[in-house]
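First the structure, in the form of structure tokens, and then the observations on it.
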Amino acid sequence: MGVSAAPPVLRTRALSKSYGKRLAVDRLDLEIGHAELFGFLGPNGAGKTTTIRMALGLIAPTSGAVEILGHDVRKHRAEVLPRVGALVESPALYGYLSGRDNLRAFGDLLGGVSRRRIDEVLEIVALKGRERDRVKTYSMGMKQRLGLAIALLNDPELLILDEPANGLDPAGIVEMRDLLRGLVAAGKTVFISSHVLSEVQQICTRVAIINHGKLIRIGTVSDLVQAPGEYEVKVDSPVELLAALRLQTWASNARAEDGYVVTSAPEGRGRDLIKFLVENGHNPDSVSPRHRDLEDIFLSLTADEKR
Ligand SMILES: Nc1ncnc2c1ncn2[C@@H]1O[C@H](COP(=O)(O)OP(=O)(O)OP(=O)(O)O)[C@@H](O)[C@H]1O
Ligand SMILES: [Mg+2]
């Protein structure tokens, strides 16, 4: 007898949303498992916030569905939402109240939250010491952290954060990363959107890239950054090497990039590429498998489909 697998924490099925004629989200299929730190990436206007709003039941899909912890979000809102924490765009905070009183007010909306839990979340987001100050005196990063504290109040299993690094300085981004890592280590599932890849590249277990509402790529960061079969070669005379490579059937895509000659290898074998280079007098300073920055991949994946 098989043990039935737990349902994905978050799943979208052919999720679509149109605003008039504009398709903001286009048949999106995603599955996020337990304790994943999932990055949802796309340029401005790609459909990230629209997807997140549908996931939280804030707007209705035009077609398709979202399931959280195995429940359809539209049909089982009351069961699902208490298990989810969210931060969508800038949180609507009460500026004239202190950070602590904001947490108390949002806690009341959840049916009351203990003082102890408020202390805990203040601790988690490192606002202890400033919790009595009025929120209107907070920096952008502090407001963002308070928004996260609100999202954490009900100790959610799934945290959905829309651009959580918005407005944070580099130190704040590092803190946010550590905080999210800690939550995942404690068994939470975290779904974060971003249009800045470098922010999420280091922490996400998997990422999805969307553009014009469509899923373009999904995988681990290392899957995405590895361009299989390509090598970068450093030589003294790249022009001659390029001319020589272009005569080879296996190197038809050879090109110069960032001071390197980028090329495939004979049957994908690096050692045969080195042999070719040496035998033909193009002694290389270095030959290494090509890794692309996620940022490059993002740009090349999203640039070609501008409408
Ligand atoms: N309420 C709305 N009415 C009409 N069009 C909308 C509405 N909300 C979003 N859109 C459109 O849907 C598309 C996706 O917008 P969305 O806000 O989801 O993008 P995003 O990926 O979150 O972008 P950003 O990085 O700028 O936050 C855009 O073309 C946007 O103009
Ligand atoms: Mg957005």
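When a ligand or atom number is given, it counts from 1 through the structure's own listing order.
Taking any N or O of A46, backbone or side chain, at least one lies under 3.5 Å from an N or O belonging to ligand 1.
Evaluated by nearest non-hydrogen atom to atom 24 (P) of ligand 1, the leading choice among D162, L23, N44 is N44.
From the protein, the heavy atom lying nearest to atom 9 (C) of ligand 1 is Y19 CE1, 3.5 Å. Of the protein's non-hydrogen atoms, the one nearest atom 12 (O) of ligand 1 is A24 CB, 3.3 Å. Regarding atom 15 (O) of ligand 1, its nearest protein heavy-atom neighbour is T50 OG1, 3.7 Å. The protein heavy-atom contact nearest to atom 27 (O) of ligand 1 is T49 OG1, 3.9 Å. Summary of contacts: the protein heavy atom closest to atom 25 (O) of ligand 1 is K48 NZ, 2.8 Å. Of the protein's non-hydrogen atoms, the one nearest atom 14 (C) of ligand 1 is G45 O, 3.4 Å.
The closest side-chain heavy-atom distance from L103 to V121 is below 4.5 Å.
Protein heavy atoms are absent from the 4.0 Å sphere centred on atom 30 (C) of ligand 1.
Contact between R53 and ligand 1 is absent, with no heavy atom of the residue lying under 4.0 Å from the ligand. Assignment of G42 to the shell around ligand 1 is not supported, since no heavy atom sits closer than 4.0 Å.
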Stepwise side-chain contact (heavy atoms from CB on, under 4.5 Å) check, I192 with F40: CA-CA 6 Å; I192 52 174; F40 189 48; over 6 Å; no
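Screening residues 271-286 for salt bridge (Lys or Arg N to Asp or Glu O under 4.0 Å) gives R269-D272 as the qualifying pairs, with residues at least two apart or on separate chains.
Of all the atoms in ligand 1, the ones that sit under 4.0 Å from a non-hydrogen atom of E163 are 25 (O).
Between the side chain of K48 and the main chain of G42, a donor-acceptor pair closer than 3.5 Å is present. Without hydrogens or angle criteria, Q144 side chain to P164 main chain gives a donor-acceptor distance under 3.5 Å.
Salt bridge annotation for K188-E36: absent, with no cationic side-chain nitrogen under 4.0 angstrom from a carboxylate oxygen. Between D155 and R117 there is a salt bridge, with a side-chain nitrogen of the basic residue lying less than 4.0 Å from a carboxylate oxygen of the acidic one.
Only protein N, O or S atoms were considered, and those under 2.8 Å from the Mg ion (ligand 2) are T49 OG1.
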